[in-house]
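Note sheet for the following structure.
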Amino acid sequence: MRESTPASVLNAIGNTPLVELKKIVPAHSASVLVKLEYFSPTGSYKDRMALAMIEEAEKRGALRPGMTVVEYTGGSTGTSLAFVCAVKGYRFRVVSSDAFAKEKLQTMKVFGADLILVPSEGGKITPGLIPRLIERAREISAAQPSYFTDQFRNRDVLTGFEGLGKELMEQTEGRISGFCGGVGTAGMLMGVARVLRRLQPSPKIVALEPASSPVISGGVAGTHHIEGIGSGFVPPMLDKSLYDEARGIDEGEARAMAHRLASEEGIFAGTSTGMNVVGALGLAREMGSGHTVITVAVDTGLKYLAGDLYGGEE
Ligand SMILES: Cc1ncc(COP(=O)(O)O)c(C=O)c1O
């Protein structure tokens with residue numbers, strides 16, 4: 001049926017394809033399906049949570065026309081929020097750092113965001129970096145009438161990612177043995193897990209983090225360079241009852257996998273996607289044929305062309 005009014009670009013968020021890896025899954029493993037979230041308008045699954053954070057706040061009356069939205073970001077949430085704020089007409093002030101992809105910082109500005117940069121230690125995500133960004137954003141939001149979206153503490157994020165879980169249920173008719181994903185705010189993993197836990201028996205749900213910063217699996221924070229995950233602390237939204245295990249993934253393997261995904265499977269994505277697929281292949285080996293393991297291609301590789309993942313700085 002034709003719609004009477006043309007759809008908003010915000011309606012282009014979600015309903016992403018689910019595809020099967022055809023070449024890199026070894027024999028006798030479970031099949032591995034990947035949800036291609038880079039089909040969303042800003043090329044990242046963060047569009048889902050940005051829309052939910054804004055629209056849920058609007059419904060409660062906490063965010064009203066004329067107000068400024070404030071957030072801290074590694075660049076992906078900021079890009080998605082900048083996009084949603086542009087469409088809805090809110091001013092957006094965002095705190096980020098030179099540790100994150102230039103493409104993301106630039107994109108936020110193109111969407112009209114007011115970008116405030118906090119310097120990193122040599123471009124690395126050290127344990128103190130994200131807390132410094134949070135502090136700065138809190139100061140900015142306290143100084144003016146604003147709505148602080150505060151992604152690590154905002155449970156509207158879960159509402160946004162439940163949509164991803166529901167799509168997976170429809171696309172697989174509930175045939176899911178395992179699901180894994182990297183943890184930043186934990187919003188994606190927890191939002192999806194809230195839906196998948198309704199299956200009987202529940203799929204095995206695994207939280208992934210950089211092996212060099214095993215905060216969830218080992219209680220120790222370290223340095224790494226996988227953007228968007230491994231914030232250096234256990235995120236408040238991570239709920240132990242919604243996952244079965246946490247695993248550290250080697251960053252070098254994650255990077256190599258991002259290259260293999262592009263050159264062998266045609267899936268051009270970022271470093272955290274490489275990590276997700278390394279995790280999924282591990283689960284698929286353990287579960288064996290006849291099972292289905294699912295993970296997520298978080299964002300497009302186009303966001304990483306100038307950085308060290310695809311050799312732009314060589
Ligand atoms: C590239 C990338 N991968 C993974 C994640 C982790 O997602 P979540 O915050 O939902 O745990 C993020 C979050 O910022 C991200 O930007």
Side-chain angles (χ1 to χ4, degrees), residues 34-38 40 42-53 71-83 94-97 99-101 103-105 107-108 125 129-130 133-134 149-165 179-194 205-210 213 215-216 224-239 242-243 246 249 251 254-255 257-258 261 268-279 295-304 307 309:
V34 182
K35 183 90 164 134
L36 302 184
E37 286 289 294
Y38 52 71
S40 237
T42 78
S44 159
Y45 69 36
K46 291 284 180 170
D47 290 349
R48 295 181 188 264
M49 56 84 95
L51 185 65
M53 289 198 297
E71 183 57 290
Y72 49 86
T73 181
S76 302
T77 297
T79 300
S80 297
L81 272 173
F83 154 68
V94 61
V95 180
S96 192
S97 169
F100 305 111
E103 293 90 332
K104 297 180 188 173
L105 304 178
T107 310
M108 289 189 273
I125 306 164
L129 181 65
I130 304 292
L133 302 189
I134 296 175
T149 37
D150 197 2
Q151 57 172 317
F152 273 91
R153 281 169 199 80
N154 189 331
R155 300 186 69 81
D156 296 334
V157 166
L158 300 173
T159 308
F161 283 119
E162 277 178 8
L164 203 167
F179 181 80
C180 65
V183 170
T185 64
M188 190 285 289
L189 192 74
M190 296 294 100
V192 171
R194 291 217 295 201
I205 297 174
V206 177
L208 307 174
E209 62 182 350
S213 186
V215 178
I216 305 165
H224 67 94
H225 199 197
I226 308 182
E227 290 190 28
I229 59 151
S231 53
F233 53 88
V234 177
M237 278 187 293
L238 190 70
D239 173 350
L242 290 180
Y243 70 97
I249 303 288
E251 181 166 343
R255 287 169 177 270
M257 185 56 73
L261 279 172
F268 181 41
T271 324
S272 63
T273 300
M275 187 187 77
N276 284 354
V277 172
V278 172
T295 194
V296 178
V298 179
D299 60 3
T300 169
L302 291 172
K303 296 188 186 222
Y304 303 89
L309 177 60

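When a ligand or atom number is given, it counts from 1 through the structure's own listing order.
Closest protein heavy atom to atom 11 (O) of ligand 1: G184 N, 2.7 Å. Looking from atom 6 (C) of ligand 1 to the surrounding protein, the closest heavy atom is Y45 OH, 3.3 Å. The protein heavy atom nearest to atom 15 (C) of ligand 1 is G228 CA, 3.4 Å. The nearest heavy-atom contact from the protein to atom 10 (O) of ligand 1 is M188 N, 2.9 Å.
The backbone N or O of V298 sits less than 3.5 Å from a side-chain atom of T273, completing a donor-acceptor pair. Under the 3.5 Å distance criterion, the side-chain polar atoms of E209 are matched with a main-chain donor or acceptor of V215. Side-chain atoms of H225 come within 3.5 Å of backbone N or O of A99 as a donor-acceptor pair. Under the 3.5 Å distance criterion, the side-chain polar atoms of D47 are left unmatched by any main-chain donor or acceptor of S80. With hydrogens and angles disregarded, a donor-acceptor distance shorter than 3.5 Å links the side chain of N154 to the backbone of T149.
If you look at Y45 and F161, their ring centroids are closer than 6.0 Å.
Of all atoms in ligand 1, listed by their number and element, those nearer than 4.0 Å to a heavy atom of I229 are 4 (C), 5 (C), 6 (C). Heavy-atom proximity to V183, at under 4.0 Å, picks out these atoms of ligand 1: 11 (O).
Within the 4.0 Å heavy-atom criterion, neither part of M49 lies near ligand 1. No part of L189 comes within 4.0 Å of ligand 1, judged by heavy-atom distances. Only side-chain heavy atoms of S272 come within less than 4.0 Å of ligand 1; its backbone N, CA, C and O stay farther off. Proximity of T185 to ligand 1, defined as any heavy-atom pair under 4.0 Å, is shared by backbone and side chain alike. Contact annotation for F152 and ligand 1: no heavy atom of the residue comes within less than 4.0 Å of the ligand.
Within the 4.5 Å cutoff, the side chain of K46 has heavy atoms near those of the Q151 side chain. Counting only heavy atoms from C-beta outward, the side chains of D299 and S76 approach each other to under 4.5 Å.
In this structure, K46 counts as a contact residue of ligand 1, since one of its heavy atoms falls inside 4.0 Å of the ligand. Put simply, no part of G270 is less than 4.0 Å from ligand 1, judged by heavy atoms.
If you check each of S76, G74, G230, S44 against atom 16 (O) of ligand 1, the one with the closest non-hydrogen atom is S76.
Between R194 and E162 there is a salt bridge, since a side-chain N of the basic residue sits under 4.0 Å from a carboxylate O of the acidic one.
For ligand 1, the polar-atom distance check finds no N/O of Y304 at less than 3.5 Å from any of the ligand's N/O atoms.
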Quiz item: Stepwise, does the salt bridge (charged side-chain N to carboxylate O under 4.0 Å, His left out) test hold for E227 with K104?
Solution: CA-CA 11 Å; E227 290 190 28; K104 297 180 188 173; 2.7 Å; yes
